[in-house]
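Here's the structure we're looking at; comments come further down.
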2 protein chains.
Amino acid sequence: MLEKNTCFGCEFQSSATKFLKKEELENLEKCSVGIHFKKNDIIFKENIFSSNVIYLKKGIIKLHKKTSSKEKIIKIVKSPNYLGIPATFNEKYHYYSATSLSDTMVCFIQKEKFKDFIYSNSDFAYKIIKSLCENEIILLEQCFNKSKKNVRGRIAETLLFFYNEIFHQKKFIIPLTRDEFGKYIDTSRESVSRILTEFNKDRIINLTAKNVEILNEKLLEMISENG
Amino acid sequence: MLEKNTCFGCEFQSSATKFLKKEELENLEKCSVGIHFKKNDIIFKENIFSSNVIYLKKGIIKLHKKTSSKEKIIKIVKSPNYLGIPATFNEKYHYYSATSLSDTMVCFIQKEKFKDFIYSNSDFAYKIIKSLCENEIILLEQCFNKSKKNVRGRIAETLLFFYNEIFHQKKFIIPLTRDEFGKYIDTSRESVSRILTEFNKDRIINLTAKNVEILNEKLLEMISENG
DNA sequence: TAAAAAATATGATATTTATCACAAAATTTT
DNA sequence: AAAATTTTGTGATAAATATCATATTTTTTA
């Protein structure tokens, strides 16, 4: 669903666009379009040439990628955040696909105009740099943690990630199927099932289908640390 | 070994500093210092507050990180490249350590001055953005590949990485011990030994201690693709 | 250069996790 | 609401990889 985009006074402004002047914001408005997506809608697909900067204004999405029948969920991203800036600025095809995990609002911004702002407004440029830096640190942490933990530890870590970074509540609905959960933490759906059931039996979580309540945060943290 | 740093006319200039004007380069020279490191010297350590932008002018280094007795090599980086920009710009402690794998030359640049260039020179800023984007894509590829390959595939991939990205020759010396190799690709030193020996027996490579010659590139690529 | 320390190779065994098989439950479609 | 499809749970088994043990080789240090 396409909708009129108002950048000036937009309540979901990014930390970078907050530095744009009124005139620049009016320009941004002219060169961008906002789109609503429903849960499970594809926002963009891998291997498509990236000609827009994509701003996730509201919602949660997954970045995922396929190769020869195998699929992997690379990252789960919550608004507000830019998506695919690396591909866009390297004049490259998108490295991954993005699919919404909730209802989302997304702005598509013409690359060239966005680049103009980097040249015309150095506060804006610096904020973009900081945002790229933050993403890199998050990605590094993710790589490091994943490689040093067993499956139990990775599942515990992911439950804590949903609690601390995404929902900020101990009671939430896992926004992934067991199969997707497995593709996110590099394991099989069966292993996810088994270990979630085990956590439920041990009263570390209360689990009914996709509904989770974290009952023993401390223990979950210990499992996340030590596998 | 500390040495006089000449930025103007430096033969190892980064793609970003090439955009600096003569005056700015003289400024850069005043706020930066060049240091030689020998093989296995520590360039910086994790958990140290980062107050410099670090430019790897010449050489190869490893980025690595320790947690509770477990160590991981996160990335192998070849010059020219900036190191630790994310930590520096987020006013954070270094997430990882950097250790030289060859003789290296490194410039330490005062963070504040570097930031000034981002504000005063938008070509410079844009090049920094592009460099951060490239690093993110490399990191994503690395995460994705590692998660989808078995140990054999990861070892093949790493040998090809040394050939294609680092040494550009089919004959090279592995700049890691078997133990480090394992810490790079998330496996045990024994598995590395075994599989390298197997590759040698199968005449895919010619192996003597750390000396490798790639004999069958095509097959190595197939193993890298399909495990 | 000899002694000590570190790195490597390799067989045997243990552990972790994946895969297969199938039943049950939940969700979507008609 | 019934039928079809997708998702989930769980036991049995297989495969991949780690760990342990020990000998050998290489490198570093005295």
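Here is the naming used below: chain letters follow the sequence lines, and residue numbers restart at 1 for every chain.
Straight-line distance from the NZ atom of A:K149 to the C1' atom of C:dT17: 18 Å, rounded to whole Å. Between B:I155 atom CD1 and D:dA18 atom C1' there is a gap of 14 Å when expressed in whole angstrom units. Separating the CG atom of A:N211 from the P atom of C:dA26 is a distance of 11 Å, rounded to the nearest angstrom. Rounded to an integer number of Å, the gap from CG of A:D179 to P of C:dA26 is 18 Å. B:L196 places its CG atom 10 Å from the P atom of C:dT8, with the value rounded to the nearest Å. The separation between B:E198 atom CD and C:dA9 atom C1' is 14 Å, rounded to whole Å. With rounding to whole Å, B:N150 atom CG is found 16 Å from C:dT16 atom C1'. Between the CD1 atom of A:I174 and the P atom of C:dA26 there is a distance of 15 Å, given to the nearest Å.
Using the six-membered ring where Trp is involved, A:F162 and A:F181 have ring planes that are perpendicular, over 60° apart on the 30 and 60° scheme.
Residues satisfying the side-chain contact (heavy atoms from CB on, under 4.5 Å) criterion with A:Q13, sequence neighbours excluded, are A:C10, A:T17, A:K18, A:L25.
Residue-level contact check: A:D186 touches the backbone only, with heavy atoms under 4.0 Å from sugar-phosphate atoms and none from bases. Within 4.0 Å of B:T177, counting heavy atoms only, lie sugar-phosphate atoms of the nucleic acid but no base atom.
Taking only side-chain nitrogens and oxygens, B:R189 never comes nearer than 4.0 Å to OP1 or OP2 of C:dA7. Applying the 4.0 Å criterion to OP1 and OP2 of D:dA18, one finds that B:S191 has a side-chain N or O inside that range. Taking side-chain N and O atoms only, B:K210 has no distance below 4.0 Å to OP1 or OP2 of C:dA7. B:T187 has a side-chain polar atom (N or O) that falls below the 4.0 Å cut-off from OP1 or OP2 of D:dA18.
In terms of polar N and O atoms assigned as donor or acceptor, the side chain of A:R194 comes within less than 3.5 Å of the base of C:dT19 in a complementary pairing.
Side-chain contact annotation: B:Y82 with B:S14, donor-acceptor N/O pair under 3.5 Å present. If you check the side chains of B:N145 and B:E157, you find a donor sitting under 3.5 Å from an acceptor.
The nucleotide whose nearest atom lies closest to any side-chain atom of A:V151 is, among C:dT17, C:dT8, D:dT8, C:dT17.
Between the side chain of B:N200 and the backbone N or O of B:L207 there is at least one donor-acceptor pair closer than 3.5 Å.
In terms of position along DNA chain C, the nucleotide closest to A:R152 lies nearer the 5' end than the nucleotide closest to the other residue of the pair A:E190 and A:R152.
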